[in-house]
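Take a look at the structure below.
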Amino acid sequence: MTFDERLKLTTEAFRNKFGHNPALIAQAPGRVDLMGSHTDYNMGYVLTMSIDRNTWILARPRSDHLVQITSLNLPGESTFLLDDIEHDTLTPWSNYVRGVAKAMQEAGHSLRGFDGLVHSTIPFSSGLSSSAAIEMATVVVFKTLSQLGIDSVTMALLGQQAENQFVGVNSGILDQYSSALGEKGCALLLDCRALTSHTMPVSQTIQPVICDTKARRELTGSEYDERRAQCEEGVRILQQFYPDVAALRDVTMAQFKAHEAELPAVVARRCRFIIEENQRVLDLAEVLPSGDYDRLRALTDASYLGARDLYEIGAPAMEAMMQAMLAGPGVIGARQAGAGFGGCMVAFVEASEVDLFAARVSTHYEQATGITPAVYAVSPAPGAGLLTSVRG
Ligand code: ADP
Ligand code: MG
């Protein structure tokens, strides 16, 4: 779908639904981690890129305190009063919007109601952060209609608060940060403790390609929480030797090795992965602009193997996709993306070979698994903001 087609589709749907034109369109991108799985809640680094797949919210202010929200991606619509925000069990996706409204009000902002229509080109629950995108687009709508000055880091924190406290997902800050602060043409090297980032230009010759396994994740939230708990256990034990350690981010490889034997075996595997992966983020950030293909390949190989064997977030579909990606024409390196357990993976491909790569990887993976994947290039796109003002 072209931009113009999407604009037409969504504005017509808005008019049909609400009987008038939208006053604004907020947009917020999805994202992919180029390196740094599960390092965010360990207060470490992530190399993340906001992508040209995004969520729009078309909105028009109301004179009362009602929010009326509908989505072209999921059934159901939801109406709520800003003065009394409850969970919606019938239309659970609206809880992302409700949660943001609640978090913003708790932060002391006075909000205007609106009629809104959501449309996203980000696949759900596959590691590209559609939830952060709908949260960040919601913040943009409220902050624009209510004329609030809220900086991008605060926006990210409000989204995280909504997701953690209202929706009830114990996620780190990475997704929202990336969606709020992304920059066109750049990846972000994010420090998840300091909540600061450096922009890293992505070389035009190295094209990130999303390879969505489309494999249903058999595992749900409990594995994520279990990994977090194992990392925390590692920190508690290592603190006995190094009192300054507050998170795995603070542990050097030498310190870890000196006390590895004192950790339960599974905790040691989890800690090793995080400490190594954190270093790989810094290493890849150096490699990306310089275009050292061998080094990039070594880093992505190690990231994938560590995720599979140490952090144990792999899946048969991911293994099949990894093999297909590594056999693809023009591939430089490939790894998991997002939390693992299926979902999306990311390949770095020579830009000139992307079309052939996509076709070959799709065929190869489908032959191996019987599942039709989605393979598409993504480019670094701007963070959340107003898309445009349209006249009503
Ligand atoms: P991810 O963030 O990896 O895509 P999550 O499970 O965190 O996966 O969030 C996906 C959920 O976010 C969806 O199931 C839905 O509830 C909500 N959501 C995201 N985008 C939209 C949208 N465009 N319309 C309605 N709900 C959405
Ligand atoms: Mg999410």
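Read the numbers this way: they start at 1 and go in the same order the structure lists the ligands and their atoms. Side chains are part of it too, since the values below use all heavy atoms of this structure and drop only hydrogens, waters and symmetry mates.
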Exercise for review: Using the test ring-ring contact (aromatic ring centres under 6.0 Å, His included), find all partners of Tyr242 that sit at least two apart in sequence or belong to another chain.
Suggested key: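 For Tyr242 the ring-ring contact (aromatic ring centres under 6.0 Å, His included) partners, ignoring immediate neighbours, are His259.
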**Study point:** His87 atom NE2, over 12 foreign heavy atoms within 6.0 Å
**Key:**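 Atom NE2 in His87 is packed in, count exceeds 12.
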For ligand 1, which atoms sit closer than 4.0 Å to a heavy atom of [X]?
| X | value |
| --- | --- |
| Val118 | 22 (C), 23 (N), 24 (N) |
| Trp93 | 15 (C), 16 (O), 25 (C), 26 (N) |
| Leu74 | 15 (C), 25 (C), 26 (N) |
| Ser125 | 1 (P), 3 (O), 4 (O), 5 (P), 6 (O), 8 (O), 10 (C) |

Check your understanding: Relative to the Mg ion (ligand 2), how many protein N, O or S atoms have a separation of less than 2.8 Å?
Key ->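 My tally for this metal is 1.
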Nitrogen or oxygen of [X] less than 3.5 angstrom from that of ligand 1:
| X | answer |
| --- | --- |
| Thr55 | no |
| His119 | no |
| Asn73 | yes |

Practice item. Please collect all side-chain hydrogen bond (donor to acceptor under 3.5 Å, both in side chains) contacts where either partner lies in residues 143-160, sequence neighbours excluded, each pair once. Key: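 Qualifying pairs, neighbours excluded: Asp151-Thr154.
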Practice item. Give the C-alpha distance, both sets of side-chain angles, the deciding distance and a yes or no for side-chain hydrogen bond (donor to acceptor under 3.5 Å, both in side chains) between Ser120 and Arg53. Key: CA-CA 8 Å; Ser120 187; Arg53 294 262 177 154; over 6 Å; no
Review point. What do the steps show when you test Arg98 against Ser78 for side-chain hydrogen bond (donor to acceptor under 3.5 Å, both in side chains), and what is the final call?
Key: CA-CA 10 Å; Arg98 288 165 181 256; Ser78 193; 2.7 Å; yes
**Study point:** Ring centre gap for Tyr224 and Tyr41 strictly below 6.0 Å
**Key:**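 Ring centroids of Tyr224 and Tyr41 are less than 6.0 Å from each other.
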Review point. Within 45° of the axis and under 6.0 Å from the centre of the six-membered ring of Tyr45, does NZ or CZ of Arg249 qualify?
Key: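 The answer is yes, since Arg249 meets both limits relative to Tyr45.
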Point to revise | Contact check, Gly127 vs ligand 1, heavy-atom distance below 4.0 Å | key: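 Per 4.0 Å heavy-atom rule, Gly127 contacts ligand 1.
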Practice item. Give a yes-or-no answer on whether the side chains of Gln68 and Arg62 include a donor-acceptor pair shorter than 3.5 Å. Key: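 Arg62 and Gln68 do have a side-chain donor-acceptor pair below 3.5 Å.
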Exercise for review: Quick one: name the residues clustered hydrophobically with Leu356, using the 4.5 Å side-chain heavy-atom rule over I, L, V, M, F, W, Y, and just say none if it's on its own.
Suggested key: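 None; Leu356 is a cluster of one.
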**Study point:** side-chain hydrogen bond (donor to acceptor under 3.5 Å, both in side chains) evaluation trace for Glu163 with Gln176
**Key:** CA-CA 10 Å; Glu163 191 152 335; Gln176 291 84 2; 3.3 Å; yes
